[in-house]
There are 2 protein chains.
Amino acid sequence: MTASAPAVDADGIRVAVSTVIFALRRREGAAGAPGWELVMPVVRRIRDPYEGRWALPGGWLRPDENLDAAAARTLGETTGLAPSYLEQLYAFGDVGRSPSRVVSIVYWALVRADEAAAAGAPENVAWFAVDGLDGLAFDHDGIVEYARWRLENKVGWSRIAHGFLPELFTLADLREVHEAIVGRRLDPANFRRQVESAGGILATDEFRTGAHRPARLYRTDGESELAERGPLRGG
Amino acid sequence: MTASAPAVDADGIRVAVSTVIFALRRREGAAGAPGWELVMPVVRRIRDPYEGRWALPGGWLRPDENLDAAAARTLGETTGLAPSYLEQLYAFGDVGRSPSRVVSIVYWALVRADEAAAAGAPENVAWFAVDGLDGLAFDHDGIVEYARWRLENKVGWSRIAHGFLPELFTLADLREVHEAIVGRRLDPANFRRQVESAGGILATDEFRTGAHRPARLYRTDGESELAERGPLRGG
DNA sequence: GCAAAAGTGTTAGGGCTACACCCATGC
DNA sequence: GCATGGGTGTAGCCCTAACACTTTTGC
């Protein structure tokens with residue numbers, strides 16, 4: 001957070017915007033399991049409160065920008081990332097969650113694996129596996145837990161998993177993303193049929209060649225939105 | 001909104017809390033359909049902007065109260081109601097949604113039919129059917145539409161419908177609540193089995209006598225929460 | 001040929017839907 | 001008895017899980 005805090009008004013309430021950012025990373029070391037794991041970037045706080053602790057990337061809401069824009073801006077400023085998917089998570093505003101009164105509009109975002117790698121490692125930014133994550137500043141542990149729950153739920157009835165994938169992908173790619181999110185292996189045959197009948201993907205004429213039988217490449221069907229959220233279009 | 005606006009800070013951002021309140025009312029006039037319809041209270045604005053227009057009940061967030069408490073307080077002050085269920089809906093903060101910069105943390109609430117009737121009709125409060133509602137102040141039309149969508153979705157996988165019912169109710173009561181929310185008739189036989197297998201209700205030894213065969217009375221199983229929302233407990 | 005992943009087929013089970021049917025009460 | 005809502009039974013359909021099986025490639 002390089003921006004300075006806004007002047008505090010008579011009521012002492014300030015509005016911040018933070019983001020829980022999910023990405024996928026090849027599971028390191030590890031046994032034969034060739035899977036992926038969920039990781040997220042956190043930034044080290046350089047001032048009180050919680051100086052030295054890891055916290056969600058974020059910053060103060062500016063008077064001339066929408067909430068969505070503030071989330072995209074602050075996560076870009078702190079981590080160098082541009083999200084492939086961004087959605088509001090929840091507004092946290094308990095009196096005791098910070099020494100001063102701060103209402104945090106929290107977003108959650110997905111970034112593609114290649115983007116996460118390209119962003120490098122800015123100063124004071126570190127990536128951690130989401131599962132064992134603990135000890136964040138403020139109430140951010142609980143916020144991450146809630147975002148994780150929302151991601152796992154939403155992957156079951158929307159197409160947000162595509163937010164982790166490049167333009168062209170195989171059904172095995174898509175399945176591995178789902179497996180990483182729900183935390184268990186999925187039957188390739190059944191997964192194929194479910195995805196095909198649900199729609200939202202388009203088969204191309206290209207194949208990915210490799211060690212075995214070539215796999216057909218698919219692309220996301222741009223016609224429909226990435227994730228349904230009812231009559232909401234942002235605000 | 002009897003409270004005066006807080007002083008505007010250097011950034012000019014103020015935090016408000018509003019609530020979309022749902023209740024059920026016997027369908028008036030109408031044909032033989034003995035059903036219920038969703039209604040909600042709105043308050044007439046007594047100052048600019050949108051003076052004279054109907055708006056969601058709400059008020060300014062106080063520096064010493066949590067968001068949930070602010071929602072409960074402001075809807076009580078403006079409408080005299082105490083909700084049987086209250087959940088955060090979304091934070092709206094677009095730059096242009098109000099002449100001055102206001103971030104609104106919007107909640108949605110359920111009140112029981114008897115409570116709604118007991119609250120009477122405070123000054124400048126009116127109840128309208130949700131379905132034809134239009135012409136509210138600010139961006140409140142869209143907010144109501146989103147809350148309506150959330151209610152209809154959530155009734156399918158949680159037990160929030162109980163928020164409309166008194167302590168003791170028949171399965172027909174519960175079914176009529178669902179019918180009013182989803183907007184179509186439900187098969188009594190299948191509804192009974194689904195509710196019973198889903199759990200969450202306890203059969204009592206009492207029956208409601210009436211014009212026909214007495215119907216068994218049930219009560220909500222207090223063991224589990226009214227609505228699952230993951231690892232979130234309020235904030 | 002062999003291993004392994006891509007992709008297809010098949011079957012059993014569960015839940016949902018539609019609807020037939022019986023039960024209990026007021027009139 | 002009759003009408004009506006309460007409550008039970010049942011058969012078809014669809015979706016899912018499990019897993020056998022065929023196809024296609026690199027080595």
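Labels below follow one simple rule: chain letters A, B, ... track the order of the sequence lines, proteins then strands, and each chain is numbered from 1.
In this pair, B:F138 and B:H140 present their aromatic rings tilted. The plane angle is within the 30 to 60° band.
Looking at A:N190 and A:R193, their side chains do bring a donor and an acceptor atom within 3.5 Å of each other. In summary, the side chains of B:E87 and B:Y85 do present a donor paired with an acceptor at a separation below 3.5 Å, with no hydrogens or angles considered.
Per the geometry, CG belonging to A:L217 stands 15 Å off C1' belonging to C:dA5, to the nearest Å. Rounded to a whole Å, the CZ atom of B:F191 is 13 Å from the P atom of D:dG7. As a whole-Å value, the separation of A:R185 CZ from D:dA17 P is 16 Å. Across the protein-nucleic acid pair, B:L186 atom CG and C:dA18 atom P stand 10 Å apart, rounded to whole Å. As a whole-Å value, the separation of B:R208 CZ from C:dT25 P is 16 Å. Rounded to a whole Å, the CG atom of B:D173 is 13 Å from the C1' atom of D:dG6.
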Mind running salt bridge (charged side-chain N to carboxylate O under 4.0 Å, His left out) on B:D221 and B:R159 for me, showing each step along the way? CA-CA 10 Å; B:D221 184 357; B:R159 301 189 288 114; over 6 Å; no

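Every residue two or more places apart in sequence or in another chain that forms a side chain to side chain donor-acceptor pair (under 3.5 Å) with A:S104 is listed here: A:R97.
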N/O to N/O distances under 3.5 Å, protein versus nucleotides 7-13 of chain C:
unit_1: C:dG7; atom_1: OP1; unit_2: A:R216; atom_2: N; d: 3.1
unit_1: C:dG7; atom_1: OP2; unit_2: A:R192; atom_2: NH2; d: 2.7
unit_1: C:dG7; atom_1: O5'; unit_2: A:R192; atom_2: NH2; d: 3.0
unit_1: C:dG9; atom_1: N7; unit_2: A:R193; atom_2: NH1; d: 3.0
unit_1: C:dG9; atom_1: O6; unit_2: A:R193; atom_2: NH1; d: 3.4
unit_1: C:dG9; atom_1: O6; unit_2: A:R193; atom_2: NH2; d: 2.9

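A distance of 7.0 Å separates CZ of A:F128 from CG of A:L133, quoted to the nearest 0.5 Å.
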